[in-house]
Amino acid sequence: MRISWILIIIILLLGASLVSSLLLSVSEAGTELYITQSACVLAIILLIVFYRSVMKPIRNITNGIDLLREQDFSSRLSHVNQHEADKIVDMFNGMMVALKEERLRLREQNHFLDLLVDVSPMGILILSDADRIKTANKAAAAFLGFADSSALEGLTVDSLDSQLASVLSGLSQGQTVTERLNDSMIYRCSRLSFMDQGYPHPFLLIEKLTEEVMIAEKKSYEKVIRVIAHEVNNSMAGVNSMLSTARLMLSDSSDDYADLGEVVSVCEARCQSMNASSG
């Protein structure tokens with residue numbers, strides 16, 4: 001039973017007792033009766049004052065509980081001009097200010113994270129506990145062959161008709177694999193989780209590695225070419241020296257070796273041209 005009803009019942013009982021005593025003792029009025037009736041009247045007055053002083057803070061606290069239930073952190077409770085109750089009101093209003101600032105901070109942080117996820121070049125699929133897609137960004141939709149990321153919401157990964165989706169559906173928690181779908185499409189796929197409200201939530205991460213792999217392969221080819229060119233230059237230097245010596249020897253000999261000297265000269269020129277191009 002509420003405190004307000006208990007106080008009202010006490011006031012009514014005291015009032016009924018006072019009226020009964022007045023009706024029954026009209027002919028037998030005495031000093032003791034008047035004192036008793038005066039005490040009843042004073043008790044009723046004090047109970048009414050007590051009722052008003054107690055119920056006002058209680059109603060204020062009840063209004064604050066309703067505000068918390070409705071998550072209305074902008075409203076504040078007013079003072080009731082009672083020292084103890086006003087201390088509770090001040091503490092409650094301070095708590096409401098802190099909750100409002102915390103909710104605003106979380107909203108700003110979540111909005112910033114949503115923007116990062118949306119513009120990220122990495123594909124991100126946030127899954128539900130039933131492994132259904134809750135949220136997908138534009139990059140993930142493009143990797144899986146969808147024009148709109150909202151078309152992926154509510155679907156399971158293994159229901160998607162995509163070679164990349166089959167790779168994603170086969171991942172276990174915490175696993176990361178690199179998959180080459182063809183010569184021009186290489187992806188690194190991961191299944192990870194993040195904590196939200198004390199519970200882990202799984203998500204899939206898709207990173208396109210085609211450009212990185214091509215850059216790495218290009219650097220490897222350039223290194224191999226430099227090594228080959230260095231070896232060719234070293235070999236051709238000896239050949240050039242031998243051809244140059246042979247050409248000088250043939251130029252000092254008789255005319256019978258003139259044609260052979262021209263051949264040696266052409267070979268020497270070709271070797272020098274090869275050195276210049278490889279250098």
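Note: hydrogens, waters and symmetry copies are ignored here, and every other heavy atom, side chains too, is used.
Two residues are said to be in side-chain contact when any heavy atoms from C-beta on lie closer than 4.5 Å; Thr176 and Leu205 fail this criterion. Side-chain contact between Ile126 and Phe194 is present, with heavy atoms from C-beta onward closer than 4.5 Å. Contact check for Leu168 versus Leu144: side-chain heavy atoms found under the 4.5 Å cut-off. The shortest side-chain heavy-atom distance between Arg191 and Gln175 does not fall under the 4.5 Å cut-off. Using a 4.5 Å heavy-atom threshold, the side chains of Pro121 and Lys208 count as separate.
Note that CG of Leu127 and NZ of Lys134 are 9.0 Å apart. Values are rounded to the nearest 0.5 Å. The CG atom of Leu192 sits 14.5 Å away from the NE2 atom of His201 when rounded to the nearest 0.5 Å. How far CG of Leu164 is from OG of Ser166: 7.5 Å, rounded to the nearest 0.5 Å. The distance from atom CE of Met122 to atom CZ of Arg188, rounded to the nearest 0.5 Å, is 7.5 Å. The distance from the OG atom of Ser120 to the CD atom of Glu207 is 9.0 Å, given to the nearest 0.5 Å.
Residue Pro202 comes nearest to Gln173 through the heavy atom pair CB-OE1, 4.1 Å, listed as atom of the first residue, atom of the second, then distance. Taking every heavy atom of both residues into account, Phe143 and Gly123 meet most closely at CE1-N, 3.7 Å. Considering every non-hydrogen atom in both Ala136 and Ser149, the closest pair reads O-CB, 3.2 Å. The minimum heavy-atom distance linking Ala151 with Phe146 is given by the pair CB-CD2, 3.9 Å.
Taking Ile, Leu, Val, Met, Phe, Trp and Tyr as hydrophobic and joining them when side-chain heavy atoms fall under 4.5 Å apart, one finds Tyr199 isolated, its cluster having no other members. Val97 shares a hydrophobic cluster with no other residue; no ILVMFWY side chain has heavy atoms under 4.5 Å from its own.
Using a cutoff of 4.0 Å between basic side-chain nitrogens and carboxylate oxygens, Arg105 and Glu108 are not scored as salt-bridged.
When the side chains of ILVMFWY residues are joined at heavy-atom separations under 4.5 Å, either directly or via intervening members, Val177 and Val157 end up in a single hydrophobic cluster. Both Leu171 and Leu160 are members of a single hydrophobic cluster when ILVMFWY side chains are connected at heavy-atom separations under 4.5 Å. Connection of Ile133 to Ile124 is not established within any shared hydrophobic cluster, with ILVMFWY side chains joined at heavy-atom distances below 4.5 Å, either directly or through further cluster members. Grouping the Ile, Leu, Val, Met, Phe, Trp and Tyr side chains by contacts below 4.5 angstrom, directly or via other members, places Met91 apart from Leu99. Cluster annotation: Leu125 and Val117 are assigned to distinct hydrophobic clusters (Ile/Leu/Val/Met/Phe/Trp/Tyr, side-chain heavy-atom contacts under 4.5 Å, transitive).
The backbone N or O of Ile186 sits nowhere less than 3.5 Å from a side-chain atom of Arg180 that would complete a donor-acceptor pair.
Within 6.0 Å of CG on Asp148 lie more than 12 heavy atoms contributed by other residues, nucleotides or ligands.
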